Every structure is written in structure tokens, then in C-alpha cells.
Amino acid sequence: MSDNAKFVEDITDKDDDFSKWYNEVIRKAELADYGPVRGTMIIRPYGYALWENIQKLLDTRFKEVDVENAYFPLLIPKSFFEREAEHIEGFAPELAWVTRGGGEELEEPLAIRPTSETIIGHAYSRWIQSYRDLPVLINLWNNVVRWEKRTTLFLRTSEFLWQEGHSAHRSIEDAEERTRMMLETYRALAEEDLAMPVVAGRKSENEKFAGALRTYSIEALMSDGKALQAGTSHNLGENFARSFDIQYSDTDGQRKYCATVSWGASTRLIGGLIMTHGDNAGLIMPPKVAPIQAVIVPIWRKEEEKSAVAVLVEQLVKRLKANGVRVKADWREETPGWKYNEWEMRGVPVRLEVGPRDVKTNSVMLVRRDNRAKEAVPVEALDNRLPQVFGEVQKGLFERALKFQAGNTHEVSDYDEFKQVMAGQRGFVKVKWAEDTEAELKIKEETKATLRCVPLDQAGFTPGPSLFTGKPATGYALFARAY
RNA sequence: CGGGGCGUAGCACAGCCCGGUAGUGCGCUUGCUUUGGGAGCAAGAAGUCGUAGGUUCGAAUCCUAUCGCCCCGACCA
């Protein structure tokens, strides 16, 4: 829509300055605000409601694959970090330490968890004795702290909310199966619930989690052409089991190390949601996670009109709530036009306008946020029509984003071409590739693009030389500049 | 953590160069009129000029330090 601008006041144009747009939308829509400590974030009720919806959907998916929730402590003894060499090396620069308690210097400093692999490992070594105890499938909904030099609301903050799943298995093969299963769970959440298309794949050696055997991720493409890692799943092999002595007696009587797995997704998903669907009028929430799915804007001139409208609005709210719709009637003393813009900015997927004309015909004017399409819907048809519209919006958002992703995925075979893409429109660059950390680092240095993943879907791959090195490629890899 | 930019009312900004009683627009409060795409008029409230120190008779303005935010680089969910 070319006249988008006339609907909007006060929001920076998305194409003009993307990160400014991003920050403004978050703050004006009241999703979040800055905390007093550098890199911390206050998640406001509207943003938290969104997180709760994402939580509910993801939690349900976890429970479908037998994962149970638990809680583990925030503070972790320093010694725990020293047990897994790669792990400590990876996290050392980002740790926050508690060195005093009860007015005294502590004997052993305590780290504020950056992730819980170590403290989980400690518990699992005590809990697991027999193959009959396996697998252990636990998930934690918590906060973690990672000291960051450069922070952005939702995408990178020093403290963030997430879930971290931790499982222990009889074999690396079992662990691998679980690793992939959880990756698939994230893919489904992202695509089906957040309408955010992703590419699922394996991380390179260079990009994998500190202490992991293999790391998988889902990668989404934001509308500014940068990639966002939206969820990760790690096969830790026996690394943590050896460091924390997680052993079991197998059926053959032998003591064996477990293989462990961890997987995580954070409030970063909210950042992804904003950058995937938002437009120059503000946010666009997919109906499945929208804190408010439908907002009712009443319209009247005279008092008797107002009371007639109020009767219909009340009836509608009752009816929609009974159908499980997250609905809100906006009776504030503002003009309807003002409210339209306000709720569009906050991303509410459907608006229902109810005025004297609608009272007369016992219908409502239904307006979609994503394309502003309007239709008059008789009240008795709403029970059917509204869920249908939610479905259409959900699908429409996904398809629009998928089309964007497809249109911004460039297959190149030549490094000059690669550089051109990264210098221009950016997006995903798909190349034939053979694992090579040195080449990866050089490419990063020269183009700022990193290897996002080796997609699981290798459809269309034919043997040929790897980009940059010319070695025989083992598959497609996806490069992009990333958040 | 390096380079650049910016901190003045809830928000966006002017004033600073050249020191002399704190401004504009939006928002907010009250009243009346309005209300189908950001309403109008009238009256009103609101700012230790990021913070600390210094220069000066006098500092938003000049100097020093410090904190925060934004953008660009090195490290990361």
C-alpha cells in the first residue's frame, strides 16, 4: 500500500533506518523499556503477554514429546565451570560473578548462570544410576545473564528470559535423535505459531556451542536482510557426562557414560517476530500469539447511539470470549481514527468497528491489520468468520515472509558474486561448501557474513567445488550477516 | 572495548557558536463542542537543561570528568 505513510505519525520509516524503527516500535507499542543497568530490559505487560503466549505454545509442544519442567538454582559454583574446558573458555568473558554474601567475601565465587549445563550435569550424575533411569528429559523456564558489550532490546540483552532443555540418554545416537526432535519442535513453533519461516540446519565447527559435539539451529531472515538464530539444539555427546561423571549401568552390566543434549530458545523470538512481520505502521502480531487478537472500536455521535452501541459491544465481547478469542473493547475517550492507528501500531491482527450503522444491521465492520481489508460481518456469522480470518492472517503472514525469504536467498557459485550480494541487498547466500574454519573466518573478515548453517534440506545439491577453497563440496551452506 | 553522533517537560526538538529570568510542537489536566482513518476552541499543570566538579558577578551555553543512549567496528542466544 503506497499511502501507508499517511496512517502513521511518529514512527521512523522502516526502510529509512531499520534499527531506529525497531527500537521505536518496541517502545511505542509498550512491549519493553530499558532497565537501569546497562543491557537490561523491562518487559512490559503487552510484551510479557506475548512471551506468555509463546511459552504456552512451546511448553505444550515440549510436553507432547515427554519433557518435564523443573527449576534449578541461579547461582553456580565457580568450580563447576572449570570442569568442562571448552565450556568455560566459551563463556568466561560473559560471566557475572557474585563474590559477597551476608556481608562477607565468599570462599568460592558464584556465577550467575549463563546457561545450566554444569549444574544440570552435577544433578544428573547423582540421579542417574541405571539405563532404566534414561532418558531424563527436563526443561527449565528461567532467566540467564551473559555480560554483553553491545545490546539490543530482545535480540541481545545482558539478562534474558528463555527455556533451556536438558536431557540425558543411553547413547550418542539416542541423543542425536532427541537433538533433532527438539530442533523440529522449534521449527514448528517458529513456522506454525509465529508465522516465521526458518531454515533448519547444522552449525559449522566454528559456530557450534562451547562444549558441544554438534549444534543445530533454526535461522530466520529478517526484513533488513540479516539472519537471526531463533533456536538451538545441541548434541553434547559424552563431553559433559565425562566432566560431571554422569554414568549408568547398562543391560550388559557395564558402567557407561550418558550422552547429553541441551536446547534453548529465548525472548529473542519476540525480536524475530517484530522484524519479520512489522511494517511502517508498526507491529503485526500473528493471531496465534497476539496478546489481543481482536480489538473492538465503538463509534457513536449521540448518547442514545452510544448506549445502543454499548449493548452490541458488550454482547460481542461476551460472545467472543466464550469462543476463546482474546478480545478487548476500547472505550477510551479518543476518536475512532486515533484508536485505529494506535491498535495497528500495536499489531492487533483484527479490528472490529461497531457503530450506529452496524447496530442497525446487527453486524460489525471487520478490518485486517496485515492488508487493511474490510468486510461487514453479520453478528451471527462472526463465530465462524473470525477464526477463519485469524487463520487467513496467520497463513498470509507466513506466506509473505516465506516469499521474502525465497526472494532474498541467493545461490552463488563465485566469491565475487557473494561479495556483491553482501554489499547490496544481503539476505541468505547459498553456496556449495566443504567444512573449513579458516575459510569461514576469512569470509567473515572480508564480508561480515557468517556461516549460519548447513541446511538439513539439501534438495537440488549436485557435487561441485566449494566456494572460496575449491575443495569438493559436501553440501549447501547458508551464509548471512547475522544479529 | 575502539571510532563517530546525541543527552533540554512524557515524546520530538529549538536555544549553545557570541554566557544575562526556560522555549516550540505533540502529549497531559479541566470545561464545552466533537467522534466511521490520528478532532476544535478555551483555560491550566509540568523541566535540579544526563550527572559531578571547575571558570565567572552570573552557566543549558565555556572547560574537565563521568554516566547513558544511538550508529559503525572487535566478541556472542
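Worth saying up front: this structure is predicted, and the values here are computed from it rather than measured. Just so you know, these numbers use all the heavy atoms, side chains as well, and skip hydrogens, waters and symmetry mates. Every chain is numbered from 1, with letters handed out A, B, ... down the list of sequences.
- Computed from coordinates, the Y216(A) OH to A77(B) P distance equals 17 Å when rounded to whole Å.
- Residue Q425(A) places its CD atom among 12 or fewer non-hydrogen atoms of other residues, nucleotides or ligands, all under 6.0 Å distant.
- With sequence neighbours excluded, the residues forming a side-chain contact (heavy atoms from CB on, under 4.5 Å) with A188(A) are R61(A), E184(A), E192(A), listed by chain and number.
- Only the C1' atoms considered, A60(B) is 22 Å distant from C26(B), to the nearest whole Å.
- The same atom, P, is picked in U61(B) and in C1(B); the two are 27 Å apart, to the nearest Å.
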Kindly give the atom pairs (protein nitrogen or oxygen, nucleotide nitrogen or oxygen) under 3.5 Å for nucleotides 71-75 of chain B.
unit_1	atom_1	unit_2	atom_2	d
C71(B)	OP1	S19(A)	OG	2.6
C72(B)	OP2	R150(A)	NH2	2.8
G73(B)	OP1	K448(A)	NZ	2.6
G73(B)	OP1	R481(A)	NH2	3.4
G73(B)	N7	R150(A)	NH1	3.4

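- Applying the side-chain contact (heavy atoms from CB on, under 4.5 Å) test to S223(A) and every residue at least two apart in sequence or in another chain returns K14(A), F18(A), F404(A).
- When both distances must be under 3.5 Å, the Watson-Crick or G-U wobble mate of G7(B) is C67(B).
- A heavy atom closer than 4.0 Å to some atom of RNA chain B occurs in no member of residues 289-296 of chain A.
- Scanning atom types as modelled, one donor and one acceptor separated by under 3.5 angstrom connect the side chain of E344(A) and the base of G37(B).
- By the salt bridge (charged side-chain N to carboxylate O under 4.0 Å, His left out) test, E177(A) pairs with no residue at all, sequence neighbours left out.
- L153(A) has its CG atom 7 Å from the P atom of C70(B), to the nearest Å.
- Contact between the side-chain N/O atoms of R38(A) and the OP1/OP2 oxygens of C67(B) is not found at any separation under 4.0 Å.
- Side-chain proximity of Y340(A) to the nucleotides G68(B), G38(B), G37(B) is greatest for G37(B).
- Rounded to an integer number of Å, the gap from K339(A) NZ to U35(B) P is 14 Å.
- Between W338(A) and G231(A), the one whose closest nucleotide on RNA chain B sits nearer the 5' end is W338(A).
- For the P atom pair drawn from G23(B) and C63(B), the interatomic distance equals 25 Å after rounding to whole Å.
- Remark: the separation of the P atoms in C67(B) and A9(B) is 22 Å, to the nearest Å.
- In terms of the side-chain contact (heavy atoms from CB on, under 4.5 Å) criterion, residue partners of A195(A) (sequence neighbours excluded) are, by chain and number, H277(A), P286(A), Q394(A), L397(A), F398(A).
- Ring planes of H87(A) and F240(A): perpendicular class, angle over 60° (limits at 30 and 60°).
- Computed from coordinates, the E303(A) CD to U34(B) P distance equals 11 Å when rounded to whole Å.
- Picking from A39(B), A77(B), C11(B) the nucleotide with the shortest atom distance to the side chain of K28(A) gives C11(B).
- Summarising the base pairing, G73(B) is matched to C1(B) through a Watson-Crick or G-U wobble pair whose two defining distances lie under 3.5 Å.
- Remark: G36(B) base-pairs with no nucleotide in the shown strands. Criterion, Watson-Crick or G-U wobble with two distances under 3.5 Å.
- Nucleotides G37(B) and C41(B) place their C1' atoms 23 Å apart, quoted to the nearest Å.
- Using the Watson-Crick or G-U wobble rule with both distances under 3.5 Å, G31(B) pairs with C41(B).
- Taking atom C1' in both C28(B) and A74(B), the straight-line distance is 45 Å, to the nearest Å.
- Pairing partner, A22(B): none, since no Watson-Crick or wobble contact has both distances short of 3.5 Å.
- Taking atom C1' on both C17(B) and G2(B), the two are 29 Å apart, rounded to the nearest angstrom.
- Not counting sequence neighbours, K226(A) has no partner by the salt bridge (charged side-chain N to carboxylate O under 4.0 Å, His left out) test.
- Interatomic distance, Q293(A) CD to L320(A) CG, rounded to the nearest 0.5 Å: 9.5 Å.
- Put simply, CD on E342(A) is 14 Å from C1' on C11(B), counting in whole angstrom units.
- In terms of the side-chain contact (heavy atoms from CB on, under 4.5 Å) criterion, residue partners of T232(A) (sequence neighbours excluded) are, by chain and number, S217(A), Q229(A), H234(A).
- Residues V37(A) and E353(A) both approach RNA chain B. Their nearest nucleotides, taken by heavy-atom distance, put E353(A) toward the 5′ side.
- Nucleotide U61(B) forms a pair with no other nucleotide shown, judged by Watson-Crick or G-U wobble geometry with both contacts under 3.5 Å.
- Under the ring pair (Phe, Tyr, Trp, His ring centres under 6.0 Å) criterion, F479(A) pairs with F418(A), W433(A), not counting sequence neighbours.
- Each of K328(A), R346(A), M285(A), R326(A) was scored for a side chain to side chain contact (heavy atoms under 4.5 Å, CB included) with P291(A), with one residue passing: M285(A).
- Nucleotide C17(B) forms a pair with no other nucleotide shown, judged by Watson-Crick or G-U wobble geometry with both contacts under 3.5 Å.
- Taking 4.0 angstrom as the limit, Y34(A) places a side-chain polar atom (N or O) nearer than this to OP1 or OP2 of C70(B).
- Cation-pi geometry between R27(A) and W21(A) is not met: the NZ or CZ atom fails to fall both under 6.0 Å from the ring centre and inside 45° of the normal.
- Residue W162(A) is out of contact with every strand shown, counting any heavy-atom pair closer than 4.0 Å.
- U56(B) is unpaired under the Watson-Crick or G-U wobble criterion, no partner having all donor-acceptor distances under 3.5 Å.
- As judged by a 4.0 angstrom heavy-atom cut-off over every strand, S233(A) is placed among residues making no nucleic acid contact.
- Across the protein-nucleic acid pair, E304(A) atom CD and U35(B) atom C1' stand 14 Å apart, rounded to whole Å.
- Relative to the six-membered ring of Y340(A), R351(A) meets both conditions, a distance below 6.0 Å and an angle of at most 45° to the axis.
- For the pair R268(A) and A77(B), the criterion of a side-chain N or O lying under 4.0 Å from OP1 or OP2 is not met.
- Here the side chain of P356(A) is nearest to one of G36(B), A77(B), A39(B), namely G36(B).
- In this structure, the CD atom of E333(A) is 11 Å from the P atom of U29(B), given to the nearest Å.
- Looking at heavy-atom distances under 4.0 Å, G355(A) makes contact with a base.
- Here the nucleotide nearest the side chain of R351(A), chosen from A77(B), G36(B), G37(B), is G37(B).
- Residue T232(A) places none of its side-chain N or O atoms closer than 4.0 Å to OP1 or OP2 of A77(B).
- A52(B) and G38(B) have their C1' atoms separated by 43 Å, with the value rounded to a whole Å.
- Nucleotide G36(B) holds its C1' atom 8 Å from the CG atom of D358(A), rounded to whole Å.
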